[in-house]
Each structure stands twice: as structure tokens, then as C-alpha cells.
Protein chains: 2
Amino acid sequence: MARRKDHSPADLRELIREAAQKIIKTKGLKSLTARALAQEVGYTPGTIYNFYSDMDALVAAVNFATLGQLQQTCLQKIESLPPDFSKVRALAYAYVDFAHENLALWEAIFMRTRKAGKAARLPTLYQERILSLFVMIEGILKECLNIPAPDAKQSARLLWACLHGIAVLTLDGRLQLVGIEKPHKIIDDLLMKYFGIYLKSSC
Amino acid sequence: MARRKDHSPADLRELIREAAQKIIKTKGLKSLTARALAQEVGYTPGTIYNFYSDMDALVAAVNFATLGQLQQTCLQKIESLPPDFSKVRALAYAYVDFAHENLALWEAIFMRTRKAGKAARLPTLYQERILSLFVMIEGILKECLNIPAPDAKQSARLLWACLHGIAVLTLDGRLQLVGIEKPHKIIDDLLMKYFGIYLKSSC
DNA sequence: TTATATTATTGAACATTGTTCAATAATATG
DNA sequence: CATATTATTGAACAATGTTCAATAATATAA
């Protein structure tokens, strides 16, 4: 097998994805161009298309990685906490904090870039990773609250949706002007009212 | 004043914005190109730049109009309702329904398109329109619930954030797979738990 | 009416983008 | 050493946003 640089195909594929992620994180999704990316990894635009069918596929790969990092970060921040309400709160904080610290990457996940015609089927692995995120949240809820199993599933999704909305309104420059409180305070309000009825007696 | 077609400058400016809105709504933001838009209004690309400094400014104008339509639609759907919990619920439904029926337009509002360097200060009018939306929600909450004024302000923003998050998760094709309930059902759950303590005795 | 000034509109031009693909250079294999 | 294999290139194309001197249509004045 021929190589100019010493990278196995798998390594180079990873290298390209990492470089793309770095560009998005530091300069925004709009700055991720085939040529800029090629320069960053020390190859030429054509090479990228040997590993990703088009730029959308590359962004999808970045998003997949970002989702994994999000879940890792969340798990790490709550693993040592006692199984009560504070752990749920820490999880919520972790999500919004991640969005804040990785703004452009997080936005890329929810950015719909495809043209009208193009289908947007998600690969199975991607679906599974999202599902895994919800399963994690569901698990935390069941572990930390007096919540029936069916409620936990529904609440996990609702909680994530609300956190997402809060992140958008508090982080997006366009809406920060609406006089919203700091994210953590608003999250406290939501959690106390929404999960109040499930609080364990120990709290 | 010379004109080829019989449109006053103000009319033409409006015409361009409407055509842009139509393109976004029917074919998506990615399909809004200077040339396609020019063709739609029967002019040439150059003309557009006599009315909008660049395509981003045009999209901002479209978003401004969309926000106005959103508020109008919401007001219309709740004006004849009695001032109780059902009115709050109708307002919530109206928001998510609007997002559903005007998906691409609604997404354009929250799409961050500016490049890294470009500043993104919002025009005062735009800010006021967003503020007006929150004032409306706040008013409905105070009118329909037993809620203290400070709580109403905070809750109006939180409610909108949560609704936004729910809309994203239920409408975006990428996440529909997460097994979430129909939006209206999930909204009921949120409202009942979050606003339960504020319910008027009549309910 | 005719001539001049004004201005709305054009369309060609440029830089930048995604994407393709025959040509090429580097390595592996016989 | 010769040949096959394949990773990599870089030139090319179409489409995009954007600019701006040239132009055509109208208003104004003589």
C-alpha cells in the first residue's frame, strides 16, 4: 500500500475528522471548507473525498464524535455524586455547560444543512448513540428520584428538550438580550417545579 | 425617478423579502440564492444588493417578518379563549404548531449563519419584536394563572425555551427517532407539572 | 419638443466554494 | 528489477456571493 505520509487509512480518516472538529470549534461551521481542512491536515482537497463522500458526511462524522464527547463529559461529572436530586441537577448543568464550552460544535449537531432534495437518513450508529444518551438520562432519573419507569422515559426526553431550549436561548447571541436569568438558575427552577413531586424524602 | 417595472423602492424591497420568504418556506434556506431570488422577482442579482447589503441582511429581514407572523398567529388562536389554563395550553400548542407548519422559516430564525469574524448585532427593531413576544406570553400567564409578577416574567422565558426545545426534538428529522410522544402530549405534561401550583381554583 | 440630469437596473467580472477524476508518484509484489 | 497497486494530486467545472462601471429608463429644465 502506498502512502506519502505515514498514516494508515483509518488513522488519516480520524485525523481529518479531528481537524474538522477543531476548525468548527475554533472558527465556526462556516469556516470549515475543503481547502482549509486540507491545508490543516497537510493534504489536498481531493484526499478528503477519498474518506468522506461529501462535506455533509464529514460534518455528520464530527457530530457523531461530539455526541460521544458530550455523553462522556456528562458521565464524568456525575459519577461520584450521591444518587439524589443533586445528581440530576449536576447532569442538567453538565449538558448546558458542554453546549456553552463547545458552542459551535454543539450548534453543528442541530444545524440542518441539507438541501431540499437530499435525503437525511441517519446511520444506525448515530441513532444508537442518541438513544444511548437518553437511556443514560433515564437511568439517572430512576436512580435519583422516586419516579415510575414509564414516567422516567418520557421525562428524560422532555428534560433534554427543555435543557436544549434553555441552552439555545441563553447561549445564542441573538436571544441573550431577552433578559433571561443565568442558565443554572433557570434550570433549578425547572427541575424543582417539574420533578418536585418525585423528590425522595431524604431531600 | 426611473423604473423599469412599476414598483416603488419600498414596494420592491418588500417584494424581494416576500419572495425570499417563499423560497425558504418551500425549498429551504440552502435554496435561497441571489440568482434564484432575482429570477423569482423578475430582476437580476445586482438589484437585490441595492436593497439589502448582503444575503445575511436579507435573511434577517425575513426572520423579522416571520417573528411577526408567529406572534400574530399565536394571538389569533387564543384571543377568544377564556382566561384560564386552557388558554396557556393553546398558546403553547400555537407555538409548536407554527414551527411545524413553517419549519424552514422557523429554523432560519435560529440558524447561525455568520462567519467567525462577522459581528451579529441585532437591529433594535428586531430586539423589540422578540421582547414583545415575551411580553405577550408574560401577559397571558398573568391573566390565566395565579402567578406572582416576578415569577411570570421568569416563567414566560422558561416556557418559551422549553417549547423551543420540544419543537426541535419533535420536528427535526434527525431526532424524531428518539421515541418522543406527540408534541401536544408532551406539552401537556410539562404545563401540568410546571404550572400546577399556579392553577386557579376554577380548574 | 428637445436636451440634460438623475437613477434604477443591468450583466459582466472576480473570488471562493464543493466536487470530480484522469494523471501521477510512491510503495508493494512478483 | 519490473510490474501492479493505490494513495495522492491538482487542474478543471459549475455554482455561489458580491462589486461596479456601463446602460437604459425616466424626470426635469430649457
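Sequence lines set the chain letters: A, B, ... in the order given, protein chains first and strands last, and positions in each chain run from 1. Predicted, not measured: the structure shown is a model, and the values here were computed from it.
Regarding A:Leu58, its CG atom lies at a distance of 10 Å from the P atom of C:dT19, rounded to whole Å. If you measure from atom CD1 of A:Ile48 to atom P of C:dT17, you get 12 Å, rounded to the nearest angstrom. For the pair B:Leu15 CG and C:dA8 P, the interatomic distance rounds to 16 Å; values are reported in whole Å. A straight line from CD1 of B:Ile23 to P of D:dT16 spans 11 Å, rounded to a whole angstrom. Remark: P of D:dT19 and OH of B:Tyr52 are 16 Å apart, rounded to the nearest angstrom. The distance between atom OH of A:Tyr49 and atom P of C:dT17, rounded to the nearest whole Å, is 12 Å. Rounded to whole Å, atom C1' of D:dT26 lies 17 Å from atom NE2 of B:His7. One atom, CD of B:Gln39, and another, C1' of D:dT16, lie 15 Å apart when rounded to the nearest Å.
Scored by the side chain to side chain contact (heavy atoms under 4.5 Å, CB included) test, B:Ala99 finds B:Trp106, B:Ala167, B:Leu171 as partners (sequence neighbours excluded). Every residue meeting the side chain to side chain contact (heavy atoms under 4.5 Å, CB included) condition with B:Asp97, not counting sequence neighbours, appears here in chain and number order: B:Lys77, B:Tyr93, B:Glu101, B:His184.
For C:dA8, neither phosphate oxygen OP1 nor OP2 lies less than 4.0 angstrom from any side-chain nitrogen or oxygen of B:Thr47. Distances shorter than 4.0 Å separate none of the side-chain N or O atoms of B:Thr33 from OP1 or OP2 on D:dA15.
In a base pair of the Watson-Crick type (N1 to N3 plus N6-O4 or O6-N4) or a G-U wobble (N1-O2 and O6-N3), with each distance short of 3.5 Å, C:dA23 is matched with D:dT8.
Of the two residues near DNA chain C, A:Gly46 and A:Arg35, the one whose nearest nucleotide lies more 5' is A:Arg35. Remark on DNA chain C: of its neighbouring residues A:Asn50 and A:Leu32, the 5'-side contact belongs to A:Leu32, judged by nearest-heavy-atom nucleotide.
A salt bridge does not link A:Glu18 to A:Lys22: none of the charged nitrogens lies less than 4.0 Å from a carboxylate oxygen.
For B:Phe51, whose side chain is taken as the heavy atoms from C-beta onward, the closest listed nucleotide among C:dT9, C:dG18, D:dT9 is C:dT9. Of the candidate nucleotides D:dT8, C:dG18, C:dT9, C:dT9 has the atom nearest to the side chain of B:Leu12. When each of C:dT19, D:dT18, D:dG10 is scored by its nearest atom to the side-chain atoms of A:Asp54, the top-ranked nucleotide is C:dT19.
Taking CD of B:Gln69 as the reference point, atom CD of B:Gln76 lies at 11.5 Å (rounded to 0.5 Å).
In this structure, B:Trp160 and B:Phe110 have tilted ring planes: the angle between them lies in the 30° to 60° band.
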